[in-house]
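This report refers to the structure that appears directly beneath it.
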Amino acid sequence: MNKHFLGDTTVLLGRSLRHIVRSPDTIITTAVMPVAFMLLFVYVFGGAIETGTDSYVNYLLPGILLITIASGISYTAFRLFLDMQGGIFERFQSMPIARSSVLWAHVLTSLVANLVSLVVVVLVALLMGFRTGTSVLGWLAVAGILVLFTLALTWIAIIPGLTAQSVDGASAFSYPLVFLPFVSSAFVPTTSMPGPVRAFAEHQPVTAIVNAIRDLFAQEPVGSGIWTALGWCVGILVVAYLFATLTYRRKIS
């Protein structure tokens, strides 16, 4: 690793964060859709959905947090695409900086922006009646899962950001990721789903991650569920990182 990697990444991270500060509507927009989903499902559909819990917002929040991340990472691909089209990568290549720092700056920017959006969503959920008695350790475990999930999806976003031919193409990849929680235990128990849909829902990553976060909030034993959730997050992160870095090397070679 280049000895200047940390310093270069910090400088480029500051550059990306300044862009977000000057255009805070990206974070606001990222949080608006998940909050709208939460309001819709709690106050419109919540009374008709049987989850076996007293508070539907408590049941719903873990899935909404994942939707927040899935909608937020589209901006990572968008910002990376603009940098590629603007020729900034070519300029960086002519400078004595670590090449990998360019990608890591975008990844860390995504992490910071998504964490801010997640905090906004949790605050709205608290106003809507969300309550948890989980400990500080439980909150840290939830935060750790969300950070891993954000990094995993961000590295996925790097790939279309580098390879897309248009702005729409760079951000459109996130639509399936936003839809995935709807075919999981995020909104309703999987037991209410028909056979094939239930089989898919119970064996896809979102269900494992949602269930682990829900159990942590409810102070219930997580058992092996948390390791399944972590396994999905780490597995997706490693594969996405390898493909993204390979794509980047081919792009700049």
Side-chain angles (χ1 to χ4, degrees), residues 17 19-51 53-79 109-134 138-139 141-154 156-157 171-189 201 205-207 209-218 229 233:
L17 290 177
H19 289 172
I20 292 180
V21 170
R22 293 168 185 167
S23 182
D25 56 300
T26 56
I27 294 179
I28 295 172
T29 303
T30 299
V32 163
M33 185 179 71
V35 168
F37 278 140
M38 191 160 55
L39 292 170
L40 176 66
F41 276 87
V42 171
Y43 294 125
V44 178
F45 302 134
I49 298 177
E50 181 57 49
T51 62
T53 61
D54 295 331
S55 173
Y56 185 56
V57 68
N58 282 15
Y59 183 90
L60 183 67
L61 181 60
I64 294 296
L65 294 176
L66 298 196
I67 288 177
T68 303
I69 295 169
S71 60
I73 51 115
S74 63
Y75 286 102
T76 301
F78 173 74
R79 287 190 294 266
T109 299
S110 172
L111 182 60
V112 172
N114 276 288
L115 288 177
V116 173
S117 297
L118 289 170
V119 170
V120 171
V121 171
V122 170
L123 290 175
V124 174
L126 288 170
L127 293 175
M128 294 172 63
F130 169 73
R131 295 295 181 268
T132 176
T134 193
W139 274 105
V142 169
I145 293 172
L146 293 175
V147 166
L148 281 175
F149 188 71
T150 302
L151 289 173
L153 293 196
T154 298
I156 292 177
S171 56
F173 84 98
S174 66
Y175 297 154
L177 299 178
V178 173
F179 176 75
L180 201 57
F182 289 92
V183 193
S184 73
S185 63
F187 294 90
V188 296
V206 170
T207 292
I209 298 168
V210 163
N211 289 345
I213 295 175
R214 188 176 289 139
D215 289 341
L216 287 167
F217 278 147
C233 289

Report yes or no: does [X] contribute a side-chain atom to a donor-acceptor pair with the main-chain N or O of [Y] at less than 3.5 Å?
X    : Y    : result
S110 : I73  : no
S117 : A113 : yes
T76  : T154 : no
Y56  : F187 : yes
R131 : S55  : no
T207 : S185 : yes

Spacing of [X] atom [atom1] and [Y] atom [atom2] [to the nearest 0.5 Å]:
X    : Y    : atom1 : atom2 : value
Y75  : N114 : OH    : CG    : 11.0 Å
T150 : L115 : OG1   : CG    : 6.0 Å
F149 : L66  : CZ    : CG    : 4.5 Å
L111 : L153 : CG    : CG    : 12.0 Å
F45  : L40  : CZ    : CG    : 4.5 Å
T132 : L216 : OG1   : CG    : 9.0 Å

**Report entry** side-chain contact (heavy atoms from CB on, under 4.5 Å) between W139 and V122, intermediate numbers included
**Finding:** CA-CA 12 Å; W139 274 105; V122 170; 4.3 Å; yes
**Report entry** F182 atom CZ, over 12 foreign heavy atoms within 6.0 Å
**Finding:** yes
Shortest non-hydrogen contact from [X] toward [Y]:
X    : Y    : answer
S71  : P34  : OG-CG, 4.0 Å
A186 : V210 : CA-CG1, 4.0 Å
L177 : P181 : O-CD, 3.2 Å
R214 : Y59  : NH2-O, 2.8 Å
M128 : M38  : CE-O, 3.7 Å

Requested in this report: Would you mind telling me which of V57, V188, L60 makes a side chain to side chain contact (heavy atoms under 4.5 Å, CB included) with F41?
Outcome: L60
Requested in this report: Scan I69, I67, T68 and name whichever one has a side chain to side chain contact (heavy atoms under 4.5 Å, CB included) with V121.
Outcome: T68
Requested in this report: Report yes if the side chains of N58 and F217 come closer than 4.5 Å at any heavy-atom pair, otherwise no.
Outcome: no
Query raised in the report: So, do C233 and I209 sit near enough that their side-chain heavy atoms are less than 4.5 Å apart?
Result: yes
